[in-house]
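Here is the structure we will look at.
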Amino acid sequence: MAAASIRLFNTMTMQKETLEPAVPGKLGVYVCGPTVYSYVHIGNARTFTSFDVVVRYLRYRGFEVKYVRNYTDVDDKIIKAAHETGEEPVALAARFVEAFREDARALHLLEPDVSPKVSDHLAEIIGIIGKLVDKGLAYESKGDVYFSVRHYPEYAKLSKRNLDDLCAGERVQPGEQKHEPLDFALWKAAKPGEPAWDSPWGKGRPGWHIECSAMSAKYLGETFDIHGGGLDLIFPHHENEIAQSEGASGKTFSRYWMHCGFLDLEGAKMSKSLGNVVRLRDALTKVDPEALRFFFVGTHYRHPLNFADKGLADAEQRMEYFYETLRKVDERVSGKDFGKGPLYGEPHKHLTEFESQMDDDFNTAGALGALSGLFAQMNELTDKPPVKDKAQVGRTLQALREDVRKVSGVLGLFEDEPAQWLLRRRDRAVKERGIDVAKVESLIQARNEARKAKNFAEGDRLREELKGMGVEILDTAAGTVWKVAPQ
RNA sequence: GGCGCCAUAGCCAAGUGGUAAGGCAAAGGUCUGCAAAACCUUCAUUCCCCGGUUCGAAUCCGGGUGGCGCCUCCA
């Protein structure tokens, strides 16, 4: 493979930059994972899918990627949720880690190389806090430990804010022991009924941001290549991570910062406080997982994406087109030997275009344009071959099919057997619409008998009857097949 | 108030200096007993508005208008 030159937008510099790993050929990637106090929603799903594609593409381009995505399983929100359900916080967190794993699998997300949990890394967290205290960047106050923002001049370099503006909106929660409002907690003294661990500052638990500093350093080193997350993590989460990590190590923390745009619901940000949250697992009862992924990658990862039924329906219809094409092509050329010889046209130009779009800041939306060309060409060669040489057509189709496999690995699409995907989709539609399959099949049989007897009037009447049931029939070379008509 | 993003066809959506990708919808055609699918053709002289820079702007600059986000838990 030619030396890849990938450009990506770095939030730190607010510019597209050429990706140059610290160690040639290798990349350390850390993505902020879920705080496991509830089920993930489709906004989370969009972010995780975006970084899933980023990691897949980096590997496709030949980088050896170490992908780390954490679980934050010790947190205020978890404690609060546990008090509401009557569970132990640790048990509740464990339950939602499992739920997340199920959801991630359903969405065809890659398993990260490391998925560390806060509760397994107290030693590392206490270590980094100790280092910050020793350096005078943090202070203990009645069992809490706070980071002293005033002692860290580079604070807010990622979000480009100035401290005076930040102070205006700052407030101190009751019970906090901060010296200054902007300071943030590294360690919180234990309160009754909360998970707690021993530390040099007494029993307590880590603050929100410190776990990412501790765990990324453990698995990727004090300096690593790419740190990702949702746009809303820029401030304060990532800002605080930088302050903690660079404060402790004296080295650059993450070399590139990537942030994914929001998913909106009817034009408004989806958030728990607005109550307009759609859980991923609920969405997946209505839409095919790959169609949802296709919907996500149809918009550039940094742009806002509006979650709308029309868009999902379009995505699913498009997936059907892709899978129908693949089924046809596989039937034609799978496992066959067409010998050696020239291919028709420039079969690989679509893949090349796909790659150049992806090289430009993971422009999946642009890359889908290339994908359209690839599928159109497969259909043309299958249905209306522009050349007579069947072996040449076969070889070219096989080459195109290989290119689809490459794209498939990058986008996490077309991972199913085409026939199975199509059948599963039909089954789901049949259930939703309450279609009587036995009746459909008997009507189709009756129609074929009528057609055989050249009684086309009766055949057409039966077609209309099926249409009334929401069923479309297709007479193919292999016989009559049917599908549920789009609504 | 501070910081930042966005505005491209009926709808979705790429494109950030060289003459508007792609998808959906729509219309016509090929194919078909009729269909469907598939393929082909058509579909923005123009990119929210007004100025400016330039040989050249959707792209850069200034000013508007309209939408959104962060600054508080958030992917």
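Numbers restart at 1 for each chain; the letters A, B, ... are given by sequence-line order, proteins then strands.
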Candidates A:Asp383, A:Thr382, A:Thr476 - the one meeting side-chain hydrogen bond (donor to acceptor under 3.5 Å, both in side chains) with A:Lys328: A:Asp383
Please list, chain by chain and in numerical order, all residues satisfying ring-ring contact (aromatic ring centres under 6.0 Å, His included) with A:Tyr219, sequence neighbours excluded. A:His121
Can you give one letter per nucleotide of nucleotides 33-40 of chain B, going 5' to 3': B for a protein heavy atom under 4.0 Å from the base, S for sugar-phosphate only, - for none? BBBS-BB-
Rounded to the Å, how far apart are A:His238 NE2 and B:C71 C1'? 16 Å
For B:A14, does either OP1 or OP2 sit under 4.0 Å from a side-chain N or O belonging to A:His303? yes
Residues that A:Glu441 engages under side-chain contact (heavy atoms from CB on, under 4.5 Å), provided they are two or more places apart: A:Val437, A:Trp482
A:Asn306 CG - B:A7 P separation (whole Å): 15 Å
Could you give the CZ-to-P distance, from A:Arg161 to B:G1, as a whole number of Å? 16 Å
B:C24 phosphate, OP1 or OP2, under 4.0 Å from A:Arg318 side-chain N/O: yes
Tell me, which pairs form a salt bridge (Lys or Arg N to Asp or Glu O under 4.0 Å) where one or both residues lie in residues 306-316 of chain A, sequence neighbours left out? A:Lys310-A:Asp314, A:Glu316-A:Arg425, A:Glu316-A:Arg428
Pick one: which of A:Phe253, A:Tyr67, A:Tyr256 meets ring pair (Phe, Tyr, Trp, His ring centres under 6.0 Å) with A:Phe224? A:Phe253
Return the polar atom pairs (N/O with N/O) between nucleotides 18-21 of chain B and the protein under 3.5 Å, or none.
| residue | atom | partner | partner atom | Å |
| --- | --- | --- | --- | --- |
| B:A21 | N1 | A:Ala365 | O | 3.4 |

Does a side-chain N or O from A:Gln357 land closer than 4.0 Å to OP1 or OP2 of B:G15, or not? no
Salt bridge (Lys or Arg N to Asp or Glu O under 4.0 Å) partners of residues 104-115 of chain A, not counting sequence neighbours, each pair once: A:Arg59-A:Asp113
